[in-house]
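Atoms within each ligand, like the ligands themselves, are counted from 1 in listed order. Just so it is clear, the model here is predicted, and its values are computed rather than measured.
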Amino acid sequence: MPVINKRLHITGIVQGVGFRPTVFNLAQRHLLKGWVLNNAHGVEIELRGTEQNVQAFIQDLRQNPPPLSVIDSFTVEDASDQAFTEFQIRHSEDDPSDFLPVSPDLNICPDCRRELFDPSDRRYRYPFINCTNCGPRFSIVTGIPYDRPNTSMASFSLCPDCAEEYQDPANRRFHAQPIACPVCGPQVWYEESGQKLAERETALQAARKALAEGKILAVKGLGGFHLVCDAQNPQTVEKLRLRKRRSGKPFALMAFDVDTIKEFARVCPDEEKLLTSPMAPVVLLETTLAGKELARLVAPDQNRLGFMLPYTPLHLLLLEPAEGFPKVLVMTSGNLSEEPIAYSNADAHKRLSQLADGFLLHDRPIHTRIDDSVVSVIEGVPHIQRRARGFAPLPLQISSNAIPTLACGTELKNTFCLVRDRYAFVSHHIGDLENQETLTAFEDAVRHYEKIFRIKPQLLAADMHPDYLANRYARQRAAEENLLLVEVQHHHAHIVSCMADNGLKQHERVIGLAFDGTGFGTDGAIWGGEALLADWKGFQRLCHLEYMPLPGGEAAVRKPARMALSLILQAGIDPDCVPFPFHQALDPEERAAVANQVRTGFNTPKTSSAGRLFDGVAALIGLHQQISYEAQNAIALETIADPDEQSSYDFPLENGQILVSPVIQAIVEDIKQKVAPAVISARFHNGLSACVVNVSQQIRSQTGLRQVALSGGVWQNKTLIRHTITALGESGFDVFWPRKLPTNDGGVSFGQALVALAVSENLKE
Ligand code: ZN
Ligand code: ZN
Ligand code: FE
C-alpha cells in the first residue's frame, strides 16, 4: 500500500497539557512513523503511513484532543517523502520571535486524587502529587518554552522513579514538568513563633490540630498564602477580622467535598460543575437556612457564601474529614487588608507573623502570585467576578490583527492587558492600585507577561483619570520609550470590553449601558450611569443619570449617610420630615457641612454613578451608613429585595437625563407610609431595570440599533441583571454582557487596549 507524509501544525493551549504523549500513543495505535515536537508556535507533527491510517489519526486527534488543551488552529499539509524508523518525541525548538500561551494552574485531577489516598501508591499522602493533567503551571513558570528548567521546580532533581515516569510516553506523567514525589520533591513543614515544629505528615497533623483548637494559620498554597481558620468558630473568625483589619467583607470558604458545601448552601448543577472544574474557583452560592448561622460570621448581610473545593493535594490533606475537625475553613487571602497576597516564605514571615498563630509552609517557590478566582452563575452562565487562578493567563482572541499593546487598567480591581497579533492576554487580578506594594506587584506582573509572551509594546493605553497610579506608570513609560499613549474614557472601555468579549467587531455599534461605581468623565465629572452609543473607536453619551452631588468626594463614598442626605437635599425634601436613619451617623456639624457642600458645590464633585445611587438609597432606608468595602451597600440592598414585589419606581427621562429626584421623593413617601425596606428595595431594582429598557427603546427609535451591551460593576447585582436581561429580551433587543471577563473594573483593561488600537488605526482584519 502506498505511503504518504503529512505535516500538522496545531496552535493554542497545547503545551503542558499532555499533547505530545497523546500524539505519541495515537501514532502507535495507527502504526504511524514520524515525530512530534513543541515549538514556540505550538505543536508540530510529521506523520508517515498509509493514507487511511494518517486520516484516521487526524480524525481521532481532532475529535479527542487532550482534555485540557484549547486548539486555536489545526492545519494539515503535504510533506516531502521521507522515511522514519519509528515515531519520536523530539526536543523543543525555540524561535525567539514567537510566543505561546501558557496554561493556567489546574485543579488536582481524579487520577492523582485517587493515588493520594491509596496506601499502596508511592505518592500516598504526598501533598505535591500532580501529572500532565493537573497541578501548578502559570504560578511556577519563570520563562518559556514550558520545560522544567523554566519553572520554579528547576532546583529539584528527579529521582530515578520520577525520571522514568517523566521519560515514558505511555505514563500519565510523561513530561509533566512539576512531577515530584516524597523522595525528590518539595516538602511541607509547620512553624510556630519562627520555630520549625514538625515536618511532612506530622506537620499536616500539627496544622490540623491547631485549626481544630481555633488557631489562625498562614498556609502556603498554589498561588500564595491563605489565612485559614475554623469558619464555625465565632471567636476565631472575629479575631481574624480584627487582625486582618477587614470588618465586613466576606471571607472565602473551603470544604472537603460538594456534599459538605450542600449543608450550608444551595448548589445547582451548573455551580457544581464549576466547583469541580479544572479552574476550581470560589463560587458564590445561595445560603440555605442552615448556612445562615455561618453566613453571619463570615459573610455579614449577605445571602450568599463563597465556597471552593480543595484544589491541590495539600488542601485535600488539610481538610480531610475527621471527628472534631472543622467542616468548613475560612480561606482568605494572606494579606493585610488591601495589600497584595503574600507568596514567598520570607514575605509571609515578614507580613503575616502578626496575623497568624502558625505557618504551614513548603519549599516549592511560587514565581507568580495569583489569587483565587471568584465566579457566580446567572441563568446558567458563569459570571466571573475575579479572574485569576485557573483562568489567567489564557488569552482572549480578537477579531483583528493588532500591534503589540499594553493597556494599564484601572485603579480598583486592576488588571492589565497585553495584546499581540490576535491575542489579548488579560492579566490575573492584581488588586487595588492604592499602595506601593500593589504597584510593585503590578510592575512585576507586567514585566513577567511581557517576557513569557514576548510582547514589546508599541502602543500604550490608560484611563483618562489624571492621577491613577497605573496612569502615572503609563505616562512615564510612554515618555521613556517614546510610545503613543491613548487615554480612554472608563465607560467606553467597559462597553468595548463587553463587545469584544461577545465577539462583536470594531465597527459594529451598540447601545452601551455602563452602570458602575466610579469613572472619570470627559467633562471632569464622575460618571457611572451612562447610556453610550459606542463602537471600538468612539462613543456618544446619549443619556445619563442626573448628576448628584457627592459631598466631600471620597468621604461620601465611604459614608453613604452623606450620599443619602445629599439625595434628600437635591430632591428638595426636608431632612427632618421623617427620622431618617442617616441622622444617627451624622452629627449636627457634619450635617451642616454636607448641606453647605450640596448648596455651594465646595469639594463636591458631581456624579452620575449608579453605584453611588445604590449607596445612598440603601442608607436612606436604614442599611449601612458607613461601609468598609466597595459595593457593600449595593449588596445589602440587593440582599433584602422582596422577590415577589412587582411594582416599581418611575425614573423619568428628560433631555438626556434619567431623573433621580422623583424616585427619591417616591421612596420618602413610601418610608412615610411605613412600606417595608424589602419592598422599597424591590421597587428600586424594578424601576432601574424598566428605566434601562426605556432608555434603550428611545435610542433604538433614534438609531435603529437593537444590540445592547451591559457593563460595569453594578451589573454584578444578580437581581438587577436578571430582570434587565429578561425585560430587554422581551422588548426585542439582543443583549450582551461580559462572559469571559468580569463586568467590574477587572474587564476594563481589555477594552482600553482595543479602543487605543482602533483610535490609532492599528487594527487589521
Ligand atoms: Zn493529575
Ligand atoms: Zn521522585
Ligand atoms: Fe468601572
Side-chain angles (χ1 to χ4, degrees), residues 16-18 21 66-68 103 105-116 118 121-123 126 128-137 148 153 156-167 171-174 176-187 278 280 311-313 316 385 409-415 432 463-465 468 488-498 512-521 526-530 532 607-612 630-631 634 710-716 738 741-752:
V17 291
L68 300 172
S103 163
D105 300 290
L106 302 166
N107 193 1
I108 182 170
C109 75
D111 290 331
C112 286
R113 193 186 166 120
R114 201 174 314 115
E115 288 180 1
L116 180 68
D118 173 2
D121 193 273
R122 75 184 186 89
R123 291 187 181 85
Y126 178 57
F128 303 95
I129 189 169
N130 67 77
C131 74
T132 341
N133 290 321
C134 75
R137 295 286 187 278
R148 190 162 171 115
M153 287 296 292
F156 296 91
S157 20
L158 297 182
C159 71
D161 287 339
C162 285
E164 200 181 311
E165 290 172 324
Y166 184 86
Q167 282 152 16
N171 192 287
R172 68 186 183 84
R173 294 198 169 85
F174 174 72
Q177 308 305 344
I179 187 175
C181 80
V183 176
C184 66
Q187 299 293 352
Y311 52 84
T312 72
L316 276 169
Q385 307 213 341
T410 50
E411 173 104 323
L412 298 180
K413 299 190 173 66
N414 178 276
T415 63
D432 297 344
D463 196 271
M464 273 184 177
H465 197 284
Y468 281 176
V488 182
Q489 201 282 322
H490 186 88
H491 301 100
H492 183 211
H494 262 301
I495 296 301
V496 172
S497 175
C498 171
L513 289 152
F515 278 31
D516 200 23
T518 296
F520 193 77
I526 300 171
W527 292 9
E530 313 304 312
L532 310 178
T607 184
S608 53
S609 159
R612 293 298 84 76
E630 211 210 353
L710 307 177
S711 190
V714 168
W715 297 112
Q716 286 176 122
L741 295 178
T743 192
N744 60 43
D745 284 3
V748 167
S749 60
F750 180 49
Q752 286 176 348

> What is the distance from atom CG of N130 to atom CD1 of I179, rounded to the nearest 0.5 Å?
Replying inline: 7.5 Å

> Looking from the Zn ion (ligand 1), what is the angle between SG on C112 and SG on C109, to the nearest 10°?
Replying inline: 110°

> At the Zn ion (ligand 2), what is the angle formed between atom SG of C184 and atom SG of C159, rounded to the nearest 10°?
Replying inline: 110°

> With distance as the sole test, does Q752 use its side chain to make a donor-acceptor pair with the main-chain N or O of G409 at under 3.5 Å?
Replying inline: yes

> When you draw lines from the Zn ion (ligand 1) to SG of C134 and to SG of C131, what angle lies between them, to the nearest 10°?
Replying inline: 120°

> By atom name, which N, O or S atom belonging to D516 lies closest to the Fe ion (ligand 3)?
Replying inline: OD2

> Looking at the Fe ion (ligand 3), which N/O/S atom of H490 is the nearest one?
Replying inline: NE2

> Between the side chains of Q716 and T743, does any donor sit under 3.5 Å from an acceptor?
Replying inline: no

>> Going by the rule salt bridge (charged side-chain N to carboxylate O under 4.0 Å, His left out), which residues pair with D161 if we only count those two or more places apart in sequence or in a different chain?
In response: none

>> Taking E115 first and then R173, would you say they form a salt bridge - that is, a charged N and a carboxylate O separated by under 4.0 Å?
In response: yes

> So which of the N, O or S atoms of D745 lies nearest the Fe ion (ligand 3)?
Replying inline: OD1

